[in-house]
Q: 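Mind looking over this structure? Questions follow.
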Amino acid sequence: MLLELSTTIAVSCSACGRLSTDEINIFQLSGGTVHQLKCSSCGAKKVSIKRTKKGYIQIDYFCLLCSSIHKKIVSPKKFWHSDRVTPLLCKETGLNLGYFGSTEMIKSELQRQKEELNMMADELGFEDFVNPELMLEVLDYLHDIAAEGRLNCECGSHDINIELFNDRLELRCNNCEAYIDISVKTRDDLTELKKEGRVHLHSLKGKPHNSRDPWINI
Ligand SMILES: [Zn+2]
Ligand SMILES: [Zn+2]
Ligand SMILES: [Zn+2]
């Protein structure tokens with residue numbers, strides 16, 4: 001019998017938002033060692049993993065969305081040998097911060113997500129954006145929170161349109177005049193948005209901008 005002795009964790013950094021992967025092998029958790037994972041781009045602590053006294057695996061992960069630490073305890077079998085990817089969720093918002101699973105499974109999960117984003121980019125015609133990759137990530141995030149019911153308007157409506165511009169996007173309520181501008185220039189814009197964990201449109205008096213760019217309805 002061949003034992004798979006390593007597991008890969010892919011999780012977003014709570015400080016800079018970047019998703020990166022780390023491979024952990026079973027020996028790194030031996031003898032009560034706490035194994036720390038740090039962000040490869042900013043150095044912030046992301047995850048700590050240890051074995052509990054009863055032999056379970058405890059994963060503590062810093063959360064980008066609610067700025068706290070969430071804890072997940074799983075059996076060694078689930079950690080080292082699961083046949084599917086296990087999500088690491090924010091317990092406040094229910095949104096996904098990352099996954100763990102075999103290196104192969106994590107690779108194909110990330111590949112699948114990338115393909116989804118690329119398809120969206122093709123459909124929308126993305127050459128015009130200042131930072132196309134970031135625009136996609138912002139859209140992906142907005143889709144996620146919309147699916148969770150965390151994108152809504154003061155008037156109670158969830159029927160929100162997105163209008164894309166080259167370095168920002170505008171969300172507008174289909175039911176009232178409310179709209180909000182979201183800057184999409186730097187990675188900080190996305191980090192800020194994720195820290196909010198939701199988007200709430202306020203009914204402001206004022207004229208919406210002219211529509212020039214593609215609209216998508218989420
Ligand atoms: Zn980071
Ligand atoms: Zn959280
Ligand atoms: Zn509204």
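Position 1 is the first residue of the sequence; numbering continues from there. Atoms within a ligand are numbered from 1 in the order they appear, just like the ligands themselves.
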Q: Under the side-chain hydrogen bond (donor to acceptor under 3.5 Å, both in side chains) rule, what do H200 and N152 come out as? Steps first, then yes or no, please.
A: CA-CA 5 Å; H200 193 68; N152 52 25; 2.8 Å; yes
Q: Does a side-chain N-to-carboxylate-O contact under 4.0 Å join K46 and D22?
A: yes
Q: Within rounding of 10°, what is the angle whose vertex is the Zn ion (ligand 1) and whose arms end at SG of C13 and SG of C42?
A: 110°
Q: Rounded to the nearest 10°, what angle sits at the Zn ion (ligand 3) between SG of C153 and SG of C173?
A: 110°
Q: If the Zn ion (ligand 2) is the vertex, what is the angle to SG of C63 and SG of C90, rounded to 10 degrees?
A: 110°
Q: Quick one: does S82's side chain have a donor or acceptor within less than 3.5 Å of a partner on F79's backbone?
A: no
Q: Give a rough value, rounded to 10 degrees, for the angle at the Zn ion (ligand 2) between atoms SG of C66 and NE2 of H70.
A: 100°
Q: Cut-off 3.5 Å, side chains only: do N131 and E133 have a donor facing an acceptor?
A: no
